[in-house]
Number of protein chains: 2
Amino acid sequence: MSVTIKDIARKVGVAPSTVSRVLSNKSKYYTSETAEMVRKAARELGYKKNQAAVELVKKSSNVIAAVVSSVRTNFAQQILDGIQEEAHKNGYNLIIVYSGSADPEEQKHALLTAIERPVMGILLLSIALTDDNLQLLQSSDVPYCFLSMGFDDDRPFISSDDEDIGYQATNLLINEGHRQIGIAGIDQYPYTGRKRLAGYKKALKEANIAINQEWIKPGDYSYTSGEQAMKAFGKNTDLTGIIAASDMTAIGILNQASSFGIEVPKDLSIVSIDGTEMCKITRPQLTSISQDFFQMGVTGVQQIHQSVKNGSNRIVSQQFIPVNPVIRKSTARLG
Amino acid sequence: MSVTIKDIARKVGVAPSTVSRVLSNKSKYYTSETAEMVRKAARELGYKKNQAAVELVKKSSNVIAAVVSSVRTNFAQQILDGIQEEAHKNGYNLIIVYSGSADPEEQKHALLTAIERPVMGILLLSIALTDDNLQLLQSSDVPYCFLSMGFDDDRPFISSDDEDIGYQATNLLINEGHRQIGIAGIDQYPYTGRKRLAGYKKALKEANIAINQEWIKPGDYSYTSGEQAMKAFGKNTDLTGIIAASDMTAIGILNQASSFGIEVPKDLSIVSIDGTEMCKITRPQLTSISQDFFQMGVTGVQQIHQSVKNGSNRIVSQQFIPVNPVIRKSTARLG
DNA sequence: CTGAAAGCGCTAACAA
DNA sequence: TTGTTAGCGCTTTCAG
């Protein structure tokens with residue numbers, strides 16, 4: 001049987017409520033002597049708070065839950081680091097719950113793991129929730145926010161401006177004199193890919209470059225997508241620049257290009273999207289439109305903090321975190 | 001106010017205990033009609049179980065906690081995937097708690113987040129706990145186990161046999177005719193590095209190769225460690241093979257070698273340790289001694305499962321998960 | 001099969 | 001400043 005405040009109350013000779021006050025630092029309600037005795041006894045008995053009991057009576061906790069997809073996304077880590085840092089700064093605890101992105105049942109399971117206890121807020125990392133599960137989430141009155149994903153409807157999110165990403169990536173190449181520019185590895189129809197594609201087309205249009213469907217090779221942001229796209233473009237492609245949907249995709253393109261004997265950036269420029277550490281360990285290092293994943297995490301926690309503080313318990317804002325181009329070695333001026 | 005079993009009891013016209021029985025599937029204690037009504041009402045009211053209350057009374061839960069270091073380890077993901085899969089299979093929930101590997105206070109914070117609620121067990125992923133915090137962990141009567149780390153003392157762990165890793169890596173090179181073999185990026189003194197080094201030396205000795213301190217460049221398993229080690233070995237090194245402490249270290253070595261104009265594997269063979277996806281996206285692909293991280297996670301959950309089932313609430317075993325060499329393109333026969 | 005009642009460990013009024 | 005008391009929402013005897 002584990003030791004409770006009653007045990008330590010008995011040992012010290014005070015009431016349980018006094019012990020409770022000391023142990024939860026209700027600073028103005030006890031003398032330093034009692035505090036001392038209580039703390040000493042607690043230490044000696046090896047007391048550990050039963051959070052379940054605390055949460056039951058307080059109906060609130062200092063726990064933030066992050067639901068992440070178990071799909072391998074190499075930037076999830078950075079978002080989590082941001083969440084962790086900001087949470088820690090505010091004295092919040094973080095628990096992370098995994099969910100396969102695909103299976104609705106597993107999603108629900110993960111969601112319930114978070115919802116069925118009094119968490120302060122829920123942050124969803126690149127999870128595409130089914131409608132049922134979104135409803136479930138909304139029905140709990142816990143503030144929630146999607147991270148690194150945007151939506152057309154009005155649900156709260158914090159992400160990069162995907163259209164801007166596509167636009168900046170394309171312009172980066174255009175400004176270096178490129179006019180035959182491909183884009184590879186994005187998913188055309190969901191929000192993220194669609195927006196990036198829109199930015200790409202917008203930049204092309206502004207530069208009076210006709211859009212060529214052959215230049216667009218959809219995929220799933222993976223290494224393989226990059227490889228396959230490059231294979232499809234072919235050894236003798238007339239493209240002089242390619243935009244990769246992710247860092248992994250960029251590496252796929254890079255490797256396949258090198259297999260073709262195409263030299264990057266002399267023969268072909270590559271712009272990656274994401275800007276994770278991966279960009280620095282390739283040869284040549286990858287120029288990228290870098291997203292500030294860490295900041296997304298930080299902002300997410302701040303949003304929860306706000307909405308709890310003002311009692312609204314609902315996050316409404318849709319926010320973009322600025323992206324910025326980082327020039328490394330995979331792009332060169334055409335000429 | 002959120003809806004409770006009382007609310008649904010009132011609505012259906014039964015006692016709260018009946019509702020409880022239905023909702024927790026005490027299958028033999030209610031008719032299917034009552035069950036139907038209860039479930040319907042629960043659905044309509046949007047009932048969500050308050051786990052805090054459940055855990056308070058049951059003093060147990062189906063939650064497994066994984067404590068991970070926020071240090072970027074690219075295999076943590078694989079361990080977590082293994083944990084998640086096996087947990088899900090057994091109907092357990094998983095929560096993950098972050099902890100900076102270094103700061104004892106943050107370690108404690110993370111540990112308490114896990115301990116202060118009735119978790120079934122705690123899995124620690126590549127975390128070096130301070131003595132105080134280890135004590136804290138032991139004082140709770142929750143089964144725990146370290147994953148992917150070994151120890152000299154008797155605490156429970158599941159990891160690869162690090163001596164075997166060093167031994168196999170070295171022999172892989174020796175069997176290809178190499179006799180000048182370096183090792184780079186390991187931390188010499190902690191358990192993992194020390195054991196790997198021991199395996200390396202053992203293999204060398206068995207092949208009657210004298211150990212040369214110049215061949216050993218310690219580090220911290222990072223990309224930079226690899227780069228620096230290769231720089232230290234130099235452009236004109238007489239080494240024909242190098243063992244890298246991790247995949248990232250191997251990539252650092254590979255890149256620096258390529259900067260030197262050294263061709264892998266023609267001029268230099270590299271054996272990596274870990275065998276994550278990284279090995280497949282380099283050119284050449286990296287030969288590795290691959291660890292079965294996924295299996296470590298699976299076994300960890302099974303251990304907890306066992307120790308809870310047999311009521312011991314204590315894991316005692318120290319287990320090695322076999323490693324295996326995967327030949328890719330970064331090694332070649334010396335000739 | 002169902003209801004009544006007790007209590008898990010803690011906090012938060014309310015008194016003293 | 002401290003003690004007393006009443007629950008938080010749920011499960012679980014124990015009766016019926």
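Chain identifiers are assigned alphabetically (A, B, ...) following the order of the sequence lines, protein sequences preceding nucleic acid strands; residue numbering begins at 1 within each chain.
Atom CG of B:Leu136 is separated from atom NZ of A:Lys48 by 6.0 Å, given to the nearest 0.5 angstrom. One finds the OG atom of A:Ser20 at 10.5 Å from the CG atom of A:Asn25 (value rounded to the nearest 0.5 Å). Atom OG of residue A:Ser126 and atom OH of residue A:Tyr221 lie 11.0 Å apart, to the nearest 0.5 angstrom.
Out of C:dG3, D:dG9, D:dC8, the shortest distance to the side chain of B:Ala15 is found at C:dG3. Checked against D:dT12, C:dG3, C:dA13, the side chain of A:Arg21 finds its nearest nucleotide in C:dA13. Checking D:dT12, C:dG9, C:dT11 against every side-chain atom of A:Leu56, the shortest atom distance belongs to C:dG9. In this structure, the nucleotide among D:dG9, D:dT12, C:dC10 sitting nearest to the side chain of A:Lys49 is C:dC10.
Counting non-hydrogen atoms of neighbouring residues, nucleotides and ligands closer than 6.0 angstrom, the CG atom of A:Asp153 exceeds 12 such neighbours.
In this structure, A:Ser20 does not reach the C:dC10 phosphate: none of its side-chain N or O atoms is under 4.0 Å from OP1 or OP2. Neither OP1 nor OP2 of D:dG9 sits under 4.0 Å from any side-chain N or O of B:Lys48. Taking side-chain N and O atoms only, B:Lys59 has a distance below 4.0 Å to OP1 or OP2 of C:dG9.
At whole-Å resolution of the value, CG in A:Asn50 and C1' in C:dG7 are 13 Å apart. The nearest whole Å value for the distance from the CD1 atom in A:Ile8 to the P atom in C:dC10 is 10 Å. For the pair B:Lys6 NZ and C:dA4 C1', the computed distance is 12 Å after rounding to whole Å. Put simply, CD1 on A:Ile5 is 12 Å from C1' on C:dA12, counting in whole angstrom units. Rounding to whole angstrom units, CG of residue A:Asn25 and C1' of C:dT11 are separated by 14 Å. The interatomic distance linking A:Lys26 (NZ) with C:dA13 (C1') rounds to 13 Å, in whole Å. Distance, B:Arg10 CZ to D:dC10 C1': 15 Å, rounded to whole Å. Rounded to an integer number of Å, the gap from B:Leu23 CG to D:dT12 C1' is 16 Å.
Between A:Glu44 and A:Lys40 there is a salt bridge, with a side-chain nitrogen of the basic residue lying less than 4.0 Å from a carboxylate oxygen of the acidic one. We find that B:Glu86 and B:Lys89 are joined by a salt bridge, their nearest charged nitrogen and carboxylate oxygen being less than 4.0 Å apart.
Comparing A:Lys58 and B:Val14 along DNA chain C, the residue whose closest nucleotide (by nearest heavy atom) sits nearer the 5' end is B:Val14.
For DNA chain D, the residues of residues 28-47 of chain A within the heavy-atom distance limit of 4.0 Å (strictly under) are A:Lys28, A:Tyr29, A:Tyr30, A:Thr31, A:Thr34, sorted by number.
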Secondary-structure string, 5' to 3', Watson-Crick or G-U under 3.5 Å, | for another-strand partners, for DNA chain D = ||||||||||||||||
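Contact of A:Ser17 with D:dT4 (side chain to base): a donor-acceptor pair of N or O atoms is detected under 3.5 Å.
No hydrogens or angles considered: nothing links the side chains of A:Gln51 and A:Ser61 as a donor-acceptor pair under 3.5 Å.
Scanning both residues, B:Ile115 and B:Ser140, for their nearest heavy atoms gives CG2-CB, 3.7 Å.
By the 30° and 60° cut-offs, the orientation of the rings of B:His88 relative to A:His109 is perpendicular.
Distance alone, capped at 3.5 Å, is enough to place a donor-acceptor pair between the B:Asn313 side chain and the B:Asp141 backbone.
If you check every strand for non-hydrogen atoms under 4.0 Å, A:Thr4 touches sugar and phosphate atoms only.
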